[in-house]
2 protein chains.
Amino acid sequence: MLNERNLKNLLYQEFARIGKSLSSPKRLEILDILSQGPKSVEALSKATTMSVANVSQHLQTLTNSRLVTFQKKGNYVIYELADVAISNFLTSLHNLSEKQFVQVQQIKEEFLNAHLGMDGITLSELKERLEKGEVVLLDVRPKEEYEKAHIPGAISIPIEELREKLSSLPTNYDVVAYCRGQYCLMSVEAVEILKNNGINAHRLENSVQDWHQFQDKSTGELK
Amino acid sequence: MLNERNLKNLLYQEFARIGKSLSSPKRLEILDILSQGPKSVEALSKATTMSVANVSQHLQTLTNSRLVTFQKKGNYVIYELADVAISNFLTSLHNLSEKQFVQVQQIKEEFLNAHLGMDGITLSELKERLEKGEVVLLDVRPKEEYEKAHIPGAISIPIEELREKLSSLPTNYDVVAYCRGQYCLMSVEAVEILKNNGINAHRLENSVQDWHQFQDKSTGELK
DNA sequence: CAATTATTCAATTAAATAGTTGAATAGATA
DNA sequence: TATCTATTCAACTATTTAATTGAATAATTG
């Protein structure tokens with residue numbers, strides 16, 4: 001019988017398929033890593049310090065809830081997020097989580113402190129230094145995201161390619177790296193790589209969206 | 001020991017607290033109902049056809065993950081969403097889910113078919129008829145959401161108050177009801193109430209955001 | 001103050017889930 | 001063809017979870 005109650009049950013069951021996928025910390029970490037770009041099972045296993053079999057199992061539940069897709073490349077199976085929308089959704093989960101739990105904020109700060117010398121930079125500092133031509137702004141997200149939208153003046157070097165392309169960066173400028181926002185760790189990694197190679201680097205913890213809001217606000221004030 | 005791995009584990013555990021809350025169809029339904037406004041345990045129990053004890057238990061997990069808050073009102077305990085951001089987050093979950101699963105779309109359509117005579121109206125039809133002054137546009141979301149943003153020309157009557165305020169509506173105009181978008185059922189209920197009271201009503205399945213996008217696109221075309 | 005009402009608590013059961021282990025596949029290489 | 005490698009499968013254990021039941025609270029009403 002397909003009455004209203006049953007229809008609702010069906011609908012919420014479908015919604016919950018995604019929720020179930022997001023209910024395991026390990027799966028959330030896998031999704032986060034995949035939001036940096038496609039990865040093999042083995043690579044995910046290393047990055048998360050989980051057994052290969054376990055990662056494989058998690059990837060199957062993620063495949064079932066259509067959050068990831070895969071394709072075989074020779075011996076390897078390469079997984080990736082099924083849609084860019086998923087990356088945005090994860091970001092909003094992070095933000096919501098921070099809003100509800102003070103400890104999330106604290107953990108993040110401890111994490112940044114652990115990465116010594118992770119100097120941040122604010123949006124207004126960035127704007128000022130960009131206008132003076134003092135800094136190079138580096139977008140380390142996957143190319144597609146950069147192409148969709150980026151902070152004006154930014155150049156794109158996805159984190160995966162940063163090590164190879166270091167030479168294309170000027171050494172006499174400071175570099176400011178950014179990615180998707182506070183809980184996006186690609187910019188943290190980027191700053192570390194840059195510093196290890198003698199380039200003075202800062203992390204911008206804001207996202208493209210934050211930048212737009214900042215612009216709207218400051219032009220709004222001028223009126 | 002608080003090394004990088006442990007920090008990551010902690011962080012993803014926190015994120016997963018919210019995910020866990022979203023992993024049960026029943027809890028998602030409770031959240032959806034609460035996004036229409038504050039409700040007592042009993043009211044939620046009736047609306048979901050779950051036992052009171054069961055609803056109470058779910059509400060406790062939701063309280064623990066900070067998605068809902070409550071306050072005692074005499075004999076009753078009134079629960080509500082902890083933040084407006086949660087309502088938006090749920091909407092994006094619905095949209096993501098529809099994107100990933102064709103069946104979600106199908107279930108929705110069966111649901112609308114089950115509500116006989118649920119005539120929809122498109123954004124461009126609405127615009128035309130609004131300009132001609134043929135229709136009254138009715139926003140049935142909670143007052144706060146209307147105040148934050150609404151489709152220009154819309155009047156606000158939250159679904160909870162619709163029955164009492166029916167008399168304030170003109171009977172010689174068609175009414176178009178809208179709420180948060182496709183999976184928001186308040187507008188469905190509104191159209192039913194209106195029709196039952198001899199008012200010719202249509203449902204707009206778009207959200208305020210959809211309307212903005214529609215405006216941007218149509219003004220864009222004029223350039 | 002006894003009865004009523006709304007909610008929560010505590011204990012139980014059945015089902016679902018996460019992680020481990022070792023074997024099975026399937027593609028690549030030698 | 002034999003061997004190696006990346007991944008998946010299947011079986012199992014330990015936990016966690018959802019829902020039910022009946023009792024316990026706590027505010028309200030007569």
Side-chain angles (χ1 to χ4, degrees), chain A residues 5-6 8-10 12-34 38-65 67-80, chain B residues 5-6 8-10 12-34 38-65 67-80:
Chain A
R5 176 97 309 266
N6 288 335
K8 281 195 184 172
N9 287 347
L10 278 172
Y12 286 108
Q13 250 163 50
E14 290 297 326
F15 292 155
R17 287 169 76 163
I18 294 186
K20 282 199 174 66
S21 278
L22 305 178
S23 69
S24 143
K26 299 295 184 185
R27 277 197 293 271
L28 286 174
E29 188 174 359
I30 290 173
L31 287 171
D32 249 16
I33 296 171
L34 286 180
K39 293 276 183 315
S40 71
V41 180
E42 202 193 12
L44 288 167
S45 158
K46 275 211 186 102
T48 57
T49 70
M50 299 166 69
S51 76
V52 172
N54 196 11
V55 170
S56 175
Q57 242 171 276
H58 280 305
L59 285 168
Q60 255 147 324
T61 54
L62 289 171
T63 307
N64 287 334
S65 61
L67 292 177
V68 305
T69 57
F70 63 88
Q71 57 190 125
K72 299 212 167 189
K73 280 253 172 81
N75 224 341
Y76 295 79
V77 181
I78 307 295
Y79 282 84
E80 64 184 313
Chain B
R5 175 95 313 263
N6 288 336
K8 280 195 185 173
N9 286 348
L10 279 173
Y12 286 109
Q13 252 164 51
E14 290 297 327
F15 292 155
R17 288 169 75 164
I18 293 186
K20 283 200 174 68
S21 278
L22 305 177
S23 69
S24 145
K26 299 295 182 186
R27 276 196 295 269
L28 286 174
E29 188 173 0
I30 291 174
L31 287 171
D32 250 16
I33 296 170
L34 286 180
K39 294 274 184 316
S40 72
V41 180
E42 200 194 14
L44 288 167
S45 158
K46 276 212 186 99
T48 58
T49 70
M50 299 166 67
S51 75
V52 172
N54 196 11
V55 170
S56 174
Q57 240 171 276
H58 280 304
L59 286 168
Q60 255 146 323
T61 55
L62 290 172
T63 307
N64 287 334
S65 60
L67 292 177
V68 306
T69 56
F70 61 89
Q71 56 191 125
K72 299 213 166 189
K73 278 254 173 78
N75 223 343
Y76 295 79
V77 180
I78 307 294
Y79 283 84
E80 64 183 314

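All values below come from the heavy atoms of this structure, side chains included, with hydrogens, waters and symmetry mates left out. Here is the naming used below: chain letters follow the sequence lines, and residue numbers restart at 1 for every chain.
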To the nearest 0.5 Å, tell me how far [X] [atom1] sits from [Y] [atom2].
| X | Y | atom1 | atom2 | value |
| --- | --- | --- | --- | --- |
| A/Leu62 | A/Ile18 | CG | CD1 | 11.0 Å |
| A/Phe70 | A/Leu34 | CZ | CG | 13.0 Å |
| B/Ser65 | B/Glu14 | OG | CD | 11.0 Å |
| B/Ile33 | B/Glu29 | CD1 | CD | 4.5 Å |
| A/Phe15 | B/Leu31 | CZ | CG | 12.5 Å |
| A/Leu28 | A/Ser23 | CG | OG | 8.0 Å |

Exercise for the section: Just compare D/dT8, C/dA6, D/dA6 and give me whichever is closest to any side-chain atom of A/Tyr76. Expected result: D/dA6
To the nearest angstrom, how far is [X] atom [atom1] from [N] atom [atom2]?
| X | N | atom1 | atom2 | answer |
| --- | --- | --- | --- | --- |
| A/Lys46 | D/dT5 | NZ | C1' | 12 Å |
| A/Asn64 | C/dT17 | CG | C1' | 14 Å |
| A/Leu59 | C/dG19 | CG | C1' | 15 Å |
| A/Glu42 | C/dA28 | CD | P | 16 Å |
| B/Gln60 | C/dT7 | CD | C1' | 9 Å |
| B/Ile30 | C/dT7 | CD1 | P | 13 Å |
| A/Lys39 | D/dA6 | NZ | C1' | 17 Å |

Completion exercise
Double-helix bend of the helix from C/dC1-D/dG30 to C/dA30-D/dT1, axes at both ends from 5 pairs, round to 10°, gives 20°
Exercise for the section: Would you mind building the protein contact string for nucleotides 14-21 of chain D? One character per nucleotide, 5' to 3', B for base within reach (heavy atoms under 4.0 Å), S for sugar-phosphate only, - for untouched. Expected result: ---SSBBB
Fill in the blank from the handout: Expected string for nucleotides 24-30 of chain D under the B/S/- scheme (protein heavy atoms, under 4.0 Å, primed atoms plus P, OP1, OP2 as sugar-phosphate) is ---BS--
Handout entry: Least distance between heavy atoms, A/Thr48 atom then A/Leu44 atom
Key = OG1-O, 2.7 Å
Problem - Minimum heavy-atom distance B/Leu59-B/Val68, with the two atoms named - result: O-CG2, 4.0 Å
Exercise for the section: Scan A/Val52 against the nucleic acid and name what it touches under 4.0 Å (heavy atoms): base, sugar-phosphate only, or nothing. Expected result: base
Practice task
Could you tell me whether B/Tyr79 contacts a base, only the sugar-phosphate backbone, or nothing, with contacts defined as non-hydrogen atoms closer than 4.0 Å?
Solution key: sugar-phosphate
Fill in the blank from the handout: So salt bridge (Lys or Arg N to Asp or Glu O under 4.0 Å) across residues 39-64 of chain B, not counting sequence neighbours, yields B/Lys39-B/Glu160
Problem - Summary of side chain to side chain donor-acceptor pair (under 3.5 Å) pairs that have at least one residue in residues 69-80 of chain A, sequence neighbours excluded - result: none
Between side-chain atoms of residues 49-58 of chain A and protein atoms elsewhere (two or more places apart, or another chain), which donor-acceptor pairs fall under 3.5 Å?
from: A/Ser51; atom 1: OG; to: A/Asn54; atom 2: N; distance (Å): 3.1
from: A/His58; atom 1: ND1; to: A/Arg27; atom 2: NH1; distance (Å): 3.2

